[in-house]
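When a residue number appears, it is its place in the shown sequence, counting from 1.
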Amino acid sequence: RHSHCDTGSTIDQELRKPGGEYVRLHLFAVVVRAEVYCFLVEIGKQHSQVRIDTQTAHFGEEAFRLTLAQALPQMARFEWLLEKATEIGIAAFWPMLSQYSTIKSGKYNLSRWQRIVKAAVKQCGRSTLPAIAAPRRFEEILEAGQHFDRIWIAHKPVPAGAQQWSYQHASKTVKPSTGLLLIGPEGGFSEAEIELVTEHNCTFIDLGIRRLRSETAGLIAANLLLSP
């Protein structure tokens with residue numbers, strides 16, 4: 001018989017079963033979550049002992065690692081995005097401060113963001129915690145993003161002569177190993193920022209005729225790129 005339990009304060013309560021039972025554990029070690037099948041050897045009030053049978057340290061992850069550089073919206077909306085984007089498979093978050101960002105200060109709660117992401121990882125069945133960087137200016141993010149295989153930006157209108165993403169083309173080509181997705185604030189990117197992006201040969205994504213909230217655009221564009 002298999003039982004499911006998780007790490008943290010609930011582990012002893014959930015493990016309080018007859019000795020010798022075969023159980024599945026999900027254990028966190030820094031940023032990696034391992035799935036472990038093991039036999040219960042001893043159950044105690046403060047500590048429990050198990051004998052590991054098999055373990056898997058990489059599950060529920062995309063081969064294509066997409067980093068989301070998101071212009072910071074209001075904190076509640078950004079925290080919603082952290083949860084949902086983690087669930088669909090984002091590998092890392094780079095909070096961004098662009099020219100038209102509504103939030104321009106460095107006030108943020110990184111530990112709270114990490115807790116939100118960790119809870120989402122446990123809920124959706126992933127094995128790796130997405131990294132969350134400190135907020136940086138648009139220009140710094142674009143410069144740091146040059147090591148990615150591809151860079152996409154969600155923006156309309158698409159500048160003349162710029163590369164444009166399409167599902168038909170993407171479905172016929174091999175996905176890169178890594179990618180960076182740039183999502184601006186609800187006011188969009190400035191002309192100067194778009195000029196800088198075109199100089200770096202980024203691919204543009206047109207999300208349609210309606211004006212979306214920044215966090216909605218981030219989730220939709222990320223899902224398009226992560227889709228098989």
Side-chain angles (χ1 to χ4, degrees), residues 2 4-11 14 24-36 55-96 103 108-135 141 145 148-154 165 167 170-171 175-186 205 207-208 210 212-228:
H2 291 74
H4 175 270
C5 54
D6 214 327
T7 55
S9 60
T10 62
I11 185 170
E14 297 188 23
R24 181 178 68 184
L25 309 180
H26 285 155
L27 307 174
F28 266 110
V30 188
V31 297
V32 178
R33 181 173 180 244
E35 184 175 70
V36 181
Q55 59 181 331
T56 303
H58 188 81
F59 54 91
E61 297 297 330
E62 302 283 345
F64 167 47
R65 296 184 58 79
L66 180 63
T67 293
L68 175 58
Q70 173 78 43
L72 279 173
Q74 295 178 2
M75 283 300 109
R77 293 176 182 172
F78 184 66
E79 291 173 358
W80 175 88
L81 177 66
L82 287 174
E83 178 184 72
K84 302 309 176 187
T86 296
E87 291 176 7
I88 68 171
I90 287 295
F93 295 95
W94 287 6
M96 183 167 60
I103 295 179
Y108 58 93
N109 190 334
L110 185 58
S111 62
R112 175 177 169 83
W113 291 352
Q114 292 169 335
R115 289 194 300 271
I116 291 170
V117 164
K118 183 174 182 178
V121 164
K122 293 166 68 175
Q123 187 278 328
C124 72
R126 291 181 60 176
S127 60
T128 305
L129 286 173
I132 309 175
I141 282 182
F148 287 96
D149 295 334
R150 294 285 298 277
I151 301 178
W152 295 271
I153 179 170
W165 180 91
Y167 181 80
S171 62
K175 266 191 171 64
S177 297
T178 63
L180 175 65
L181 172 60
L182 304 172
I183 301 292
E186 291 180 24
I205 301 177
L207 295 179
R210 285 173 289 278
L212 304 175
R213 288 192 182 277
S214 179
E215 67 275 13
T216 306
L219 198 63
I220 292 175
N223 193 55
L224 286 174
L225 296 176
L226 289 167
S227 296

Colleague: So, for Phe93 and Val117, which heavy atoms are closest and what is the spacing to 0.1 Å?
Modeller: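 Looking at all heavy atoms of both residues, the closest pair is CE1-CG2, 4.2 Å.
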Colleague: Enter the distance from Arg126:CZ to Thr86:OG1 here, rounded to the nearest 0.5 Å.
Modeller: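 So the gap between those two atoms works out to 6.0 Å.
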Colleague: According to side-chain contact (heavy atoms from CB on, under 4.5 Å), who are the partners of Ala222, at least two apart in sequence or on a separate chain?
Modeller: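 Only Leu66, Ile88, Ile90, Leu181 meet the side-chain contact (heavy atoms from CB on, under 4.5 Å) criterion with Ala222.
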Colleague: Let me confirm one number: the CD-CG distance from Gln70 to Leu219, rounded to the nearest 0.5 Å.
Modeller: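 Answer for the CD-CG pair, Gln70 versus Leu219, is 9.5 Å.
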Colleague: Say you draw a straight line from CG of Leu225 to CH2 of Trp152; how long is it, rounded to the nearest 0.5 Å?
Modeller: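 Atom-to-atom, Leu225:CG and Trp152:CH2 are 5.0 Å apart.
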Colleague: Between Glu62 and Gly89, which heavy-atom pair has the shortest distance, and what is it?
Modeller: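 For Glu62 and Gly89, the tightest heavy-atom pair comes out as CG-O, 4.2 Å.
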Colleague: Go through the structure and list residues passing salt bridge (Lys or Arg N to Asp or Glu O under 4.0 Å) with Arg112, not counting sequence neighbours.
Modeller: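 Residues passing salt bridge (Lys or Arg N to Asp or Glu O under 4.0 Å) with Arg112: Glu79.
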Colleague: To check you understand the geometry: which heavy-atom pair defines the closest contact between Ile132 and Gln114, and what is its length?
Modeller: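 That closest heavy-atom pairing would be CD1-N, 3.9 Å.
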Colleague: May I ask you to decide if Ser227's main-chain N or O and Lys175's side chain share a donor-acceptor pair within less than 3.5 Å?
Modeller: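 Answer holds: yes.
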Colleague: Is there a donor-acceptor pair closer than 3.5 Å between any side-chain N or O of Asp149 and the backbone N or O of Ser177?
Modeller: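 Yes, the answer is positive, given that a donor and an acceptor are paired below the 3.5 Å cut-off.
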Colleague: How long is the span from the CZ atom in Arg213 to the CZ atom in Arg77, to the nearest 0.5 Å?
Modeller: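 Here the rounded value is 3.5 Å.
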Colleague: For a 4.5 angstrom cut-off between non-hydrogen side-chain atoms, does Pro95 reach Tyr108?
Modeller: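 No. Closest side-chain heavy atoms not under 4.5 Å.
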Colleague: Of the non-hydrogen atoms in Gly145 and Leu180, which two are nearest, and what is the gap between them?
Modeller: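 Where Gly145 meets Leu180 most closely, the heavy atoms are CA-CD2, 3.8 Å.
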Colleague: Are the side chain of Arg150 and the backbone of Pro176 linked by a donor-acceptor contact shorter than 3.5 Å?
Modeller: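 Looks like no, no N/O pair under 3.5 Å.
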Colleague: Just how far is it from atom CZ of Arg115 to atom CG of Leu110, taken to the nearest 0.5 Å?
Modeller: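 So the CZ of Arg115 and the CG of Leu110 are separated by 10.0 Å.
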Colleague: Between Leu68 and Leu81, is a side chain to side chain contact (heavy atoms under 4.5 Å, CB included) present by the stated rule, with each step listed?
Modeller: CA-CA 10 Å; Leu68 175 58; Leu81 177 66; 4.0 Å; yes
Colleague: Do the non-hydrogen side-chain atoms of Val121 and Thr128 ever get within less than 4.5 Å of each other?
Modeller: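 Not touching, per the 4.5 Å side-chain cut-off.
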Colleague: Let me confirm one number: the CG-NZ distance from Leu82 to Lys118, rounded to the nearest 0.5 Å.
Modeller: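 Here the rounded value is 15.5 Å.
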Colleague: Might you point out which heavy atoms bring Ser214 and Ile183 nearest each other, and give the distance in Å?
Modeller: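 Result for this residue pair: O-CG2, 3.5 Å.
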Colleague: Could you check whether any side-chain heavy atom of Trp80 comes within less than 4.5 Å of a side-chain heavy atom of Ile116, counting everything from C-beta outward?
Modeller: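 No; the side chains remain at least 4.5 Å from each other.
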Colleague: How close do Pro73 and Glu215 get, heavy atom to heavy atom, and via which atoms?
Modeller: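 Closest approach of Pro73 to Glu215: CB-OE1, 3.9 Å.
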Colleague: Using side-chain heavy atoms (C-beta onward) and a distance below 4.5 Å, is Ile205 in contact with Ile153?
Modeller: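 Side-chain contact under 4.5 Å: no.
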Colleague: Taking the side chain as everything from C-beta on, heavy atoms only, tell me whether Thr178 gets closer than 4.5 Å to Thr67.
Modeller: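 Counting from C-beta outward, Thr178 and Thr67 never come under 4.5 Å.
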Colleague: Who are the salt bridge (Lys or Arg N to Asp or Glu O under 4.0 Å) partners of Glu83, not counting sequence neighbours?
Modeller: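 Counting only residues at least two positions away or on another chain, Glu83 forms no salt bridge (Lys or Arg N to Asp or Glu O under 4.0 Å).
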